[in-house]
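Below, chains carry the letters A, B, ... as their sequence lines are ordered, and counting in each starts from 1. Only heavy atoms go into these numbers, but all of them, side chains included; no hydrogens, no water, no symmetry mates.
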Amino acid sequence: MKPDLDSLTAKWAERWEADGIYRYDPSAPRERTYAIDTPPPYASGEMHVGTIFGYVQADIIARYQRMRGKTVFYPMGWDDNGLPTERRTQRYFGVVCDPSLPYDPDFQPSMQGQTPVSRRNFIELCERMTAIDERSFEEAFRAVGLSVDWTLLYTTIGEKAQAVSQQAFLDALSKGDAYRAHGPTLWDTSFRTAVAQAELQDREIRGAFYELDFDGIKVKTTRPELLPACVALVAHPEDERFQALLGTGVKSPLGDEVPVLAHRLADPAKGTGIAMVCTFGDVTDVIWQRELDLPIRPILGFDGRFLADTPHIGGLTVAQGRARIVERLGLTPEPITHAVKFYERGERPVEIIPTEQWYLRNGGRDAELREELQARGRELIWHPAHMRVRYEHWVNGLTGDWLVSRQRFFGVPIPIWYPINASGFIEFDKPILPNRLPVDPAADTPPGFDAAQRGRPGGFTGETDVFDTWATSSLTPSIAGFEGTMDLRPQGPEIIRTWLFDTVLRSHTLRDELPWKHAMINGWILDPDRKKMSKSVGNVVTPLGLIREYSPDAVRYWSAAANPGTDTAFDIGQMRVGRRLAMKILNASRFVLGLPSTVDGSDEALDLAMLAALSRVVRQATAALEGYDYATALDLTERFFWRFCDDYLELAKARAYEHGCPPAMRTALSTLLRLFAPMLPFVTEEAWSWWQEGSIHLAPWPAAGNGDPALLDPALLDPALLGLAGEAIGAVRRAKAAAKLSMKAPVARLAVTCDEPSWELLSLAANDLRAAGAIASLEHVPGDTLTFDVTLT
RNA sequence: GGGCGGUUAGCUCAGCUGGUCAGAGCGCCUCGUUUACACCGAGGAAGUCGGGGGUUCGAGUCCCUCACCGCCCACCA
């Protein structure tokens, strides 16, 4: 029988699931538990290879810890709540949510167009959508051998997540960490929802400067359409050019009287040195409005159109309004390219619109909390360590509290109702809290009321906003169901400011503890040509395609070769190498196990030297894994494994055929398989199953003192013998290759020049060496420099 | 504008606290069907360690500086 890599995958994935070998044991004490806060991916569309990359790295740690005797809390979750799901649902089913419509229990999507549906219908379609996507993600994760305990599966839109999220919000509310406020809000006009600072990204777009004339004062702006919202001009207090104007008023080009004021943030070097303040054009306007106590003149509506009563441009879009103002004032565009803030999933720049929203305190306006969070960041152990600075910069750069309310549908509802007083006014400052969770205030009735009182004087109204998706996913430890500080958070670098920071924040404010001890940040996947991953590599670049073509162990090998934080090129070549290694492991195992195991098979010096060298590898690889340095562990193991095959097995082969397999050879095989097991779980399990009971993934990690007596004493014998004998056989091979002879060609004489101790050492393996090299005569030439002189016949 | 990481053989990358660190694999070339392995084995060629300064007896390894690549952050009138 020939080992067949491709039939292993399904076989072992099914067996592991059936045997439940990755089940978490909740009865184990904390010190024998290792808990991982797995990133719940957005299971939307086709999985990216980068996703597999990061998850495999976490899985290596999980498998290592399991072999160290820990029960591993290793859940999977699907982060399905939120805007991406809504967008996919709209496109896939051809619908759009209209909350004013009644629920239609028999609704069938037409799969095209934009059919308006009720909120409840829309949510049901979102749930159907996520179910489809999540199946394909689970298939890919199983195929690549993630050792998650699938019984712990959760979703961020699920009942448990909703209850946890709502409870955390209510706790924050009672502590004063959550509050409702009216103020300038970052707003995406296409999705018509508020967004948070963490969801912004800069994009370079083409725009233009326009020069406006305020009573002869030239002011440059990229947004002339906001002129009707202009409430002041601002110059730097020490800018001599505008000293005389400060405190006076000027007329805007539209005829409004605005004051000229001083503020330190006005930069004399920008534009003409004096800026117009509009409510609101950008974040600086917000600061100026607040700090200079300026009036707010809102002109832009939620839909991105100017309010009907806005002079000159009422009802127009931003772009139309700009064109109208430019035309009316006869402005000349001066084209520029500039960075503008976008909602990361949006298509138009964010606007700033005054609204009522819910906030969570995050240290953005509270130096004390900020310092506490910095302390948490220092307490956390980062892999690699330099990733901590991203966290620190983010915390220091926070400009306001965390806006958590979203005017969307497929999210966790904010669990609040408001009473309506006898005059019909909503009393926002007297929220009604739920007495059970989860609730949907838009559909459920609050305690003490009946459904008929909804929207009536003396009755109630339900909050219709939902939470920002991070407000829920920042609670993954609790949603997954783990109490206390976990061990590891593996994740990508791009979500340190969101997921990692938010989780630290919630854990700190709600439970006064760090959510996990370690954070392992994976690197980026780069295209072979250093660009973003693209189609250039072909359609094989789906994880399942790669797994099928190269085997899961091969894909894992590629992932395992990059340590945390290290960017990695997408490299088919590495997967080929991984596949070859997997194959070699099977073949070497088959060879060792196929040797006769006669009674007189006993260890000789070479065998013990090999074991001594392996013992050192075990220690080094273990130390590396303890430091989350799995790539080094793999490298050490792989390096030794090739020496084991090329030198040791070749040297010991003839003797083993004749006298049987030396015990050390089997010990080494057992050890090597276990060292490889976290990275290459399929082939190691296959080879293990040929001669061992139980799963290798539950076998003890090789280390002195846990089952490998031969490894107890690393000084059993000088490991140098393996190196010496390896060099000797190498010299013989070189000579044969140079003479273009077969490796089987006989050697008349091998003369070894070396000192006396080396010769004594080498002599211990003389028989093996003669047999492996077909050497007739082995001789010693005294000397200090090790050289080999090969005489071929 | 600030910060973080990177720049080592054609390619992908190791090289920790300075002195066997100039390495591995892929690719390439040559040879070889040896009773584990042709989804193979053996051997070989190949680099002034991004540029320039400096510290040191000695620097890919420390310091300064410049360039380029990637990323993060920024109050981008």
Next on the checklist: Under a 3.5 Å cutoff, is there a donor and acceptor pairing between the side chains of A:Asp607 and A:Tyr648?
Outcome noted: yes

Next on the checklist: Walk me through whether A:Phe570 and A:Trp558 qualify under ring pair (Phe, Tyr, Trp, His ring centres under 6.0 Å).
Outcome noted: CA-CA 9 Å; A:Phe570 175 75; A:Trp558 163 69; 5.7 Å; yes

Checklist outcome for this item: In numerical order, the residues of residues 640-652 of chain A whose heavy atoms come under 4.0 Å of RNA chain B are A:Trp642, A:Cys645, A:Asp646, A:Glu650

Checklist entry - What distance, rounded to whole Å, do you find between the two P atoms, one in B:C66 and one in B:G10? => result 29 Å

Item to check | Whole-angstrom distance between B:G23 and B:C28, as gauged at atom P | outcome: 23 Å

Checklist entry - Hey, what do you get for CD1 (A:Ile775) to CD1 (A:Ile729), rounding to the nearest 0.5 Å? => result 5.5 Å

Checklist outcome for this item: In whole angstroms, the gap separating P of B:C72 from CD of A:Gln491 amounts to 14 Å

Checklist entry - Can you tell me how far C1' in B:U7 sits from the matching atom in B:G47, rounded to whole Å? => result 14 Å

Checklist entry - Rounding to the closest angstrom, what is the interatomic distance between B:C64 and B:G2 at atom P? => result 16 Å

Checklist entry - Below 4.0 angstrom, N of the basic side chain to O of the carboxylate: do A:Asp553 and A:Arg579 qualify? => result no

Checklist entry - Taking atom P of B:C72 as reference, at what distance in whole Å does atom CD1 of A:Ile495 sit? => result 12 Å

Checklist entry - When you check the phosphate oxygens OP1 and OP2 of B:G25, does a side-chain N or O of A:Arg576 lie under 4.0 Å from one of them? => result no

Checklist entry - Can A:Asn396 and A:Gln374 be said to form a side-chain hydrogen bond (donor to acceptor under 3.5 Å, both in side chains), step by step? => result CA-CA 9 Å; A:Asn396 280 337; A:Gln374 290 290 21; 3.1 Å; yes

Next on the checklist: Whole angstroms only, please: what is the CG-P distance between A:Asp768 and B:U34?
Outcome noted: 22 Å

Next on the checklist: Please give the distance between the P atoms of B:U48 and B:A67 as a whole number of Å.
Outcome noted: 25 Å

Next on the checklist: Under a plain distance cut-off of 3.5 Å, with no hydrogens placed, do A:Asp755 and A:Ser758 share a side-chain donor-acceptor pair?
Outcome noted: yes

Checklist outcome for this item: Of the listed B:A24, B:U34, B:C4, the closest approach to the A:Arg639 side chain comes from B:A24

Checklist entry - Which whole-number value in Å describes the distance from A:Phe570 CZ to B:C13 P? => result 13 Å

Next on the checklist: Looking only at the side chains, is there a donor atom on one of A:Gln201 and A:Arg203 sitting less than 3.5 Å from an acceptor on the other?
Outcome noted: yes

Item to check | Span that lies between the C1' atom of B:U61 and that of B:A46, in whole angstrom | outcome: 23 Å

Item to check | Main-chain N/O of A:Gly364 paired to A:Arg370 side chain as donor or acceptor, under 3.5 Å | outcome: yes

Next on the checklist: By nearest heavy atom, map A:Ala738 and A:Tyr557 onto RNA chain B; which one lands nearer the 5' end?
Outcome noted: A:Tyr557

Between N or O atoms, less than 3.5 Å apart, protein on one side and nucleotides 75-77 of chain B on the other: list the pairs.
| from | atom 1 | to | atom 2 | distance (Å) |
| --- | --- | --- | --- | --- |
| B:C75 | O2' | A:Thr284 | OG1 | 2.9 |
| B:C76 | OP2 | A:Lys270 | NZ | 2.7 |
| B:C76 | N4 | A:Asp202 | OD1 | 3.4 |
| B:C76 | N4 | A:Lys341 | NZ | 2.5 |
| B:A77 | OP1 | A:Asp282 | OD2 | 3.3 |
| B:A77 | O3' | A:Lys220 | O | 2.7 |
| B:A77 | O3' | A:Thr221 | N | 3.0 |
| B:A77 | O3' | A:Thr222 | N | 3.3 |
| B:A77 | O2' | A:Lys220 | O | 2.3 |
| B:A77 | N7 | A:Lys270 | O | 2.9 |
| B:A77 | N6 | A:Asp267 | N | 2.2 |
| B:A77 | N6 | A:Asp267 | O | 2.2 |
| B:A77 | N1 | A:Asp267 | N | 3.1 |

Checklist entry - Side-chain donor-acceptor pair under 3.5 Å between A:Tyr557 and A:Gln574, yes or no? => result no

Next on the checklist: On the nucleotide B:C40, are OP1 or OP2 found under 4.0 Å from the side-chain N or O atoms that A:Arg579 carries?
Outcome noted: no

Checklist entry - RNA chain B: A:Arg734 or A:Asp6, which has the more 5' nearest nucleotide? => result A:Asp6

Item to check | Sugar-phosphate, base or nothing in reach of A:Thr566, heavy atoms under 4.0 Å | outcome: sugar-phosphate

Checklist entry - Between B:C72 atom P and A:Ile521 atom CD1, what is the distance in whole Å? => result 14 Å

Checklist entry - If you look at every strand shown and take non-hydrogen atoms under 4.0 Å, does A:Arg497 touch a base, only sugar-phosphate, or nothing? => result sugar-phosphate

Checklist entry - Looking at A:Lys653 and A:Glu650, does any basic side-chain N land under 4.0 Å from a carboxylate oxygen? => result yes

Next on the checklist: Between A:Glu392 and A:Arg378 (salt bridge meaning N to carboxylate O under 4.0 Å), is one present in this structure?
Outcome noted: no

Checklist entry - Nearest to the side chain of A:Arg580, which nucleotide is it out of B:U34, B:G41, B:C4? => result B:G41

Item to check | Nearest-Å distance for atom pair CZ/C1', residues A:Arg390 and B:G5 | outcome: 8 Å

Item to check | Heavy-atom side-chain contact between A:Leu227 and A:Cys278 under 4.5 Å | outcome: no

Nucleotide N/O to protein N/O under 3.5 Å, stretch nucleotides 29-32 of chain B:
| from | atom 1 | to | atom 2 | distance (Å) |
| --- | --- | --- | --- | --- |
| B:U30 | O2' | A:Lys740 | NZ | 2.7 |

Item to check | Integer angstrom distance from the C1' of B:U12 to that of B:C73 | outcome: 30 Å

Checklist entry - With both distances under 3.5 Å as the test, what is the Watson-Crick or G-U wobble partner of B:A74? => result none

Next on the checklist: If I take atom CD in residue A:Glu727 and atom P in nucleotide B:A42, what distance separates them, rounded to the nearest angstrom?
Outcome noted: 16 Å

Checklist entry - For the pair made of CG in A:Asp567 and C1' in B:C72, what is the distance, rounded to whole Å? => result 12 Å

Item to check | Inter-nucleotide C1' distance (B:A24, B:C49), Å rounded | outcome: 15 Å

